[in-house]
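Working notes for the structure below.
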Amino acid sequence: MIDAGLIADATRADGADPLRGFRDRFQLRGGLIYLDGNSLGALPTVTASRLTRVIAEEWGEGLITSWLDAEWSTAPQRVGDKIARLLGAAPGEIIAADSTSVNIFKALTAALSLRPGRNTLLSEATNFPTDVYMMQGIEAFSRGRVKAVTAGPDAVLEALDDDVAVLLLTQVHYKSGRVRDMAKVTRKAHDAGALVVWDLSHSAGAIPVDLNGALADFAVGCGYKFLNGGPGAPAYLFAAARHQAATPVLSGWFGHARPFAFEETYEPAPGIGRFLCGTPPVLGLAALEAGVDLMLEADMAEVQRKSLALGELFMAGMEPLCARYGFMLVSERDPALRGSQVAYAHPQGYQIIQALREFDVIADFRAPDVLRFGLTPLYLRYRDIVETVERLEQVCATKAWARPEFQVRAAVT
Ligand SMILES: Cc1ncc(COP(=O)(O)O)c(C=O)c1O
């Protein structure tokens with residue numbers, strides 16, 4: 001049973017929440033508590049009608065004329081400029097395109113080309129795997145000239161030597177939610193002669209980011225998490241204006257200076273446009289734009305304040321469960337070091353997350369043993385957090401997680 005006082009406190013906090021109006025702007029089934037917005041953000045209610053318009057009118061009626069008439073051809077720049085407002089970048093410094101993995105490749109190779117004579121790509125060993133995989137792909141393609149090197153989270157900055165061309169780090173760690181100080185790390189890398197590529201997948205729409213204030217070089221990130229752009233939404237790439245002369249390795253026709261001149265030789269477009277590769281995914285961009293427009297209505301400082309308050313409430317509620325059932329806090333207690341999620345380790349983490357779905361709570365599991373609870377201030381209520389703890393208690397007290405159907409690992413977790 002949930003403590004009546006806790007519910008009353010949470011209900012009061014919900015009533016006073018300046019962001020409370022946003023919840024109704026998402027499609028969320030009553031009863032469901034969705035703590036996975038850091039994997040796939042919820043659907044903004046406006047997205048379906050926007051997509052219907054793009055499909056029925058712009059595609060259905062306008063057909064190919066919509067590349068100009070409906071401004072499809074400049075959508076990557078337009079959506080990029082909107083994302084720039086969330087991330088402290090200037091217009092013309094962000095493009096919405098491709099996946100984060102592909103953008104990591106583009107940013108790493110561009111940064112490498114700006115550091116001739118240096119051949120090491122450095123990252124954290126426990127970074128999101130795709131980041132390190134992309135470095136390893138570049139190493140293999142270069143036949144070993146470029147080295148992909150990783151170090152432990154606390155040792156990575158010490159590994160900045162005079163061969164490191166690029167440091168690739170995720171600002172908010174995907175598992176623990178630990179936040180790195182972008183300005184401080186960037187300064188340290190610059191002092192060592194390296195450039196930095198920041199992965200902002202768990203930052204954009206979750207915490208205030210100031211790319212130019214931190215003198216950032218390149219950044220990338222996902223559109224489908226806190227930006228609510230939908231499954232497989234286009235990602236984004238930031239290249240500081242001072243680095244936009246780098247010649248892209250993915251030299252596709254959409255990044256050409258004159259794509260419709262069909263010239264025989266590649267010549268990169270001036271500015272951020274050169275980081276485009278192929279034809280923009282218009283439907284995906286339309287859904288992403290709806291999510292970004294909604295995010296732009298929120299005050300990011302308020303979003304972060306609520307995210308931290310939700311996290312505090314959750315950790316306080318979880319304390320007795322840690323003692324009783326063996327959950328171990330993985331996230332940082334210090335709010336300055338915590339992104340918009342709280343993670344716990346537990347040997348039965350996978351089974352518990354599966355069983356929680358029966359109790360109408362969706363969170364996610366990250367191997368080998370991490371339960372990850374994403375906190376999305378636009379559509380989560382304080383009351384949801386209190387209820388999550390209660391439902392988690394029920395899962396543990398009744399050992400619901402031990403049922404045979406929760407023991408088999410699914411292909412996607
Ligand atoms: C930190 C981080 N980087 C990159 C990715 C992968 O992005 P994409 O699938 O767009 O390549 C993810 C996906 O969850 C992620 O969490």
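Numbers here are sequence positions counted from 1. These numbers were taken from a predicted model, which means no experiment stands behind them. Both counts, for ligands and for their atoms, begin at 1 and track the order of listing.
- Other residues, nucleotides and ligands contribute only 12 or fewer heavy atoms inside 6.0 Å of the CD atom of Gln27.
- Rounded to the nearest 0.5 angstrom, Leu87 CG and Ile207 CD1 are separated by 10.0 Å.
- Cation-pi check for Arg409 over Tyr350 is met; the charged atom lies under 6.0 angstrom from the ring centroid and within 45 degrees of its normal.
- When only non-hydrogen protein atoms are considered, atom 11 (O) of ligand 1 lies nearest to Ser101 OG, 2.5 Å.
- The nearest non-hydrogen atom to atom 3 (N) of ligand 1, considering only Leu40, Asp199, Thr170, comes from Asp199.
- Using bins of under 30°, 30° to 60° and over 60° for the plane-to-plane angle, the ring pair Tyr174/His202 lands in the tilted bin.
- For a threshold of 3.5 Å applied to N or O pairs, the pair formed by Tyr174 and ligand 1 contains no separation below that value.
- Counting non-hydrogen atoms of other residues, nucleotides and ligands closer than 6.0 Å to CD1 of Ile64 gives a total of 12 or fewer.
- Residue Ser99 approaches ligand 1 through these ligand atoms, each under 4.0 Å from one of its heavy atoms: 10 (O), 11 (O).
- Contact annotation for Thr100 and ligand 1: heavy atoms of both the backbone and the side chain come within less than 4.0 Å of the ligand.
- Counting non-hydrogen atoms of other residues, nucleotides and ligands closer than 6.0 Å to CH2 of Trp59 gives a total of 12 or fewer.
- If you number the atoms of ligand 1 from 1 as listed, the ones under 4.0 Å from a heavy atom of Asp131 come out as 3 (N), 4 (C).
- Neither the backbone nor the side chain of Asn127 has any atom closer than 4.0 Å to an atom of ligand 1 (non-hydrogen atoms only).
- Atoms CG and CG, from Leu122 and Asn127 in turn, are 10.5 Å apart once rounded to the nearest 0.5 Å.
- With a 4.0 Å cut-off on non-hydrogen atoms, Ala235 does not touch ligand 1 at all.
- Nearest protein heavy-atom neighbour of atom 9 (O) of ligand 1: Tyr224 OH, 3.0 Å.
- Closest to atom 14 (O) of ligand 1 among all protein heavy atoms lies Lys225 NZ, 2.7 Å.
- In this structure, the ring of Phe260 has its center less than 6.0 angstrom from the ring center of Phe262.
- Of the protein's non-hydrogen atoms, the one nearest atom 16 (O) of ligand 1 is His202 NE2, 2.8 Å.
- Here is the list of ligand 1 atoms found below 4.0 Å of a heavy atom in Cys222: 5 (C), 7 (O), 12 (C).
- Taking only nitrogen or oxygen atoms, main chain and side chain alike, Thr130 does not reach within less than 3.5 Å of ligand 1.
- Ring pair Phe218/Phe238: centre-to-centre distance not below 6.0 Å.
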